[in-house]
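Below is one structure, written out as structure tokens, with a few remarks after it.
So you know, we letter chains A, B, ... as the sequences are listed, proteins then strands, and number each from 1.
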2 protein chains.
Amino acid sequence: MGRKRTKSGKIRLAEVAELAGVSPITASRFFRNPEALSVAKRTRVESAARELGYVPNLAARALASQRTEVIGVLIPSLTNNVFSDVLRGIYDASEGSRYSIQLSNTRYSILQEEKLLRLFLAQKPAGLIVTGIDQTAESRAMLEAADCPIVQIMEIGPKPVDMMIGFSHYDAARAAIAHLFDQGRRRIGFVGARMDPRVQRRLDGYVAAMKEAGLYDPRLIVTTATPTSVTLGGALFADLIARESDIDAVFCANDDLALGVLFECRRREIAVPEQIAIVGFNDLEFMASSVPTLTSVRTNRYEMGSTAATMLIEAIEGRRPEQPVLDLGFTVIERQSSQTPRPAAGPRTDQWSSVAQNDSVTNDP
Amino acid sequence: MGRKRTKSGKIRLAEVAELAGVSPITASRFFRNPEALSVAKRTRVESAARELGYVPNLAARALASQRTEVIGVLIPSLTNNVFSDVLRGIYDASEGSRYSIQLSNTRYSILQEEKLLRLFLAQKPAGLIVTGIDQTAESRAMLEAADCPIVQIMEIGPKPVDMMIGFSHYDAARAAIAHLFDQGRRRIGFVGARMDPRVQRRLDGYVAAMKEAGLYDPRLIVTTATPTSVTLGGALFADLIARESDIDAVFCANDDLALGVLFECRRREIAVPEQIAIVGFNDLEFMASSVPTLTSVRTNRYEMGSTAATMLIEAIEGRRPEQPVLDLGFTVIERQSSQTPRPAAGPRTDQWSSVAQNDSVTNDP
DNA sequence: AGGAACGTTGACAGCGCTACCAGCAAAGAC
DNA sequence: GTCTTTGCTGGTAGCGCTGTCAACGTTCCT
């Protein structure tokens, strides 16, 4: 009677089948589609597996079935807080499912992304989550040829490869600027770092809004390719204010920059929001508790990740969503840093809970 | 002559071997140990592989060789900035190697860690990186029985399972308190959140230092099991100051809390550092550019990750480090928030670069 | 010159699992 | 009662690669 036990002493499916008194293929089915078994065999296999402490060999399964249960995730940064929220959503949603996450970092390089994509695709992933819509032509072709579901996350745009979930960075920036216009601000600066495609589209939204209002002035824009940081926010603002001392607001491409601008204002004794209003982007946690509290554009990062993973798993299992492109929208969270003072602002009380946000403008598409 | 091309049209090792005019096993060797081939065959296989665009099938390799090229990583949080730095180090160091990273989130639960560990070990990983030294007895037993190298990261302690890389949280906290003593502070509060084992050891260090100085007072300690945040830092500090209005310094278990304390001080018009000194932990980027700049204990997170991955890979390949336990130390970065004012602090200049740190106390073991 | 030692190569036999298809019994259709 | 349909089960034949061991040619030693 053939080989028993492998040399490593590992329990194989065959052992489980033997103990349960069924054929190996029946035991195999139990793990993939229990409903296909009669109740009697199902319970027999189940208890046999439990008794032996059987754990399936994923490599053998992948080899035999010609597909893996791996979801590939390509993100541009591991450091950026924005992506850690998205990732948390992805991991949370995939937990409990049979799928495991394979993460790679493109470091904001679409060439690196192409290389990683080639690597991923060769392992026949069950599904793929990629960041953004700006792939190389080669990457695009590979994605379209891939025979697995794909979700593009972080933004929405035309021509999705497959599924898409995100929001319009362009519209979000316009909404932020509109809010500043509402507050009577006219000379609104733009501070941006890294200038990846999504930041670029925020800049586009800013430019469009300013042009429409007849207030566009390229000298109000300060950007750099350097990775973002709080310190950099201060430095860029210093450049801006040195050149354009008449600005009355700054729209920052992200919250780190906004915090840096706030600190720089404090350092220079520029009153926020009286002299200069500040608006950030992403609504990280600290924005609600700084002094003054900082206005920001809230984005649904965790939901983006968890929904992307959920949609992807559904699609892998054959249930394609009726709505393959999902706009998660954004919300302008209006806080102290962008209020135009109506009466004189009296001295602050010692009420720390006064950091609560004011009313807000939501964009739920 | 036997099967050609699999139905999916994938290039297999056999095709490469055929084109190169060698046996499949020789081609296989080329990918695993090129030095074993004669130069002639080596170049033939290499060009054949390139020409066909061959990509090895990892599942088949894993099945045949009975081992995977996967490094399992268990961390307690995906949100915490601290871990994103560590992760970046791990990913950077593993890039270019043959090993891929399999990441899982224990959410600070040692039971969850045990479950994940069981899952990981069943897939015979090439190596394992686990966080901390506080595993369940069961986990500990599994780790000790595992036949792969293991690195424990984030802290050092007695009885490493295998390799270990980190620093002493206890000593780091003591160094921070010693610095505050140097600055003449006596009533030093402790603010901590989440209270995972490493934060607990920082608290232990604080308690020991205070006791030795005869200044220990349990009412100076405010902690919570809630996950950390900037807002929470403010709230905890509010609790502390409401109860103990005579404190002259606060040691925060992390930088988010420290920033929250700073904002809360500003809200209450408490002068930092004149009335209250603030010291954080980890030295996140923003600590250097806040107003005032914030003192913190710098930890070598990126290096911890990259060194752990490098050591692990070396060990996997049979080159065990002569030094299996590595203390990466820490540095107290002294900034404005903990200086005792000697002369009166004059008005600030508009020099943004004045955020530069002062001198610092390094602990390089 | 004979033999050992070395470096290089290849044949064979799986690794543990699942796709495919056939078989069989029970249930339903006419 | 016969024929089809359905539900469940099992046999066979790999998936693509590598471990093991034997065989080969070459070089070096005595």
Atom CD of Gln66(B) and atom C1' of dT18(D) are separated, to the nearest Å, by 10 Å
I want to check one thing: is the phosphate of dC17(C), taken as OP1 and OP2, less than 4.0 Å away from some side-chain N or O of Ser65(A)? no
Please tabulate, one pair per line, all N/O donor-acceptor pairs under 3.5 Å involving side-chain atoms of residues 21-31 of chain A, not counting sequence neighbours.
unit_1, atom_1, unit_2, atom_2, d
Ser23(A), OG, Thr26(A), N, 3.4
Ser23(A), OG, Thr26(A), OG1, 3.1
Ser28(A), OG, Arg32(A), NE, 3.2
Ser28(A), OG, Arg32(A), NH2, 2.8

Between Val45(A) and Tyr54(A), does the side chain to side chain contact (heavy atoms under 4.5 Å, CB included) criterion hold? Intermediate values first, please. CA-CA 11 Å; Val45(A) 175; Tyr54(A) 171 72; over 6 Å; no
Does Arg67(A) reach a base, just sugar-phosphate, or nothing at all? Heavy atoms under 4.0 Å. sugar-phosphate
Between residues 53-60 of chain A and DNA chain C, which residues have a heavy-atom gap below 4.0 Å? Tyr54(A), Pro56(A), Asn57(A), Ala60(A)
4.5 Å side-chain heavy-atom contact, Met154(B) and Val82(B): yes
On a heavy-atom basis, the closest approach of Ser306(B) and Thr310(B) is O-OG1, 2.7 Å
To the nearest 0.5 Å, tell me how far Gln323(A) CD sits from Met311(A) CE. 8.5 Å
In whole Å, I'd like the distance from the CG atom of Leu52(B) to the C1' atom of dG16(D). 15 Å
Taking CG from Leu63(A) and C1' from dG14(C), how many angstroms apart are they, rounded to a whole number? 12 Å
Between Gly132(B) and Gln152(B) the two heavy atoms that sit nearest each other are O-NE2, 3.4 Å
Counting heavy atoms from C-beta on, name the nucleotide in dG19(D), dG16(D), dG10(D) closest to the side chain of Ile25(B). dG19(D)
Under the side chain to side chain contact (heavy atoms under 4.5 Å, CB included) rule, what do Arg301(B) and Asn81(B) come out as? Steps first, then yes or no, please. CA-CA 10 Å; Arg301(B) 298 181 298 283; Asn81(B) 287 309; over 6 Å; no
What is the distance from CG of Leu13(A) to C1' of dT18(C), rounded to the nearest Å? 9 Å
Under 4.0 Å between a side-chain N/O of Ser28(A) and OP1 or OP2 of dC17(C), yes or no? no
Can you sort out which residues in residues 29-41 of chain A have a heavy atom within less than 4.0 Å of DNA chain D? Ascending by number, please. Arg29(A), Ala36(A), Leu37(A), Ser38(A), Lys41(A)
How long is the line joining CZ of Arg61(A) and C1' of dG16(C), in whole Å? 11 Å
Worked verdict on Leu143(B) versus Asp162(B) for side chain to side chain contact (heavy atoms under 4.5 Å, CB included): CA-CA 9 Å; Leu143(B) 287 171; Asp162(B) 184 4; over 6 Å; no
Strictly below 4.0 Å: does Ser23(B) bring a side-chain N or O up to OP1 or OP2 of dT9(C)? no
Work out which heavy atom in Ile313(A) is nearest to a heavy atom in Ser97(A); give both atom names and the distance. CD1-OG, 3.7 Å
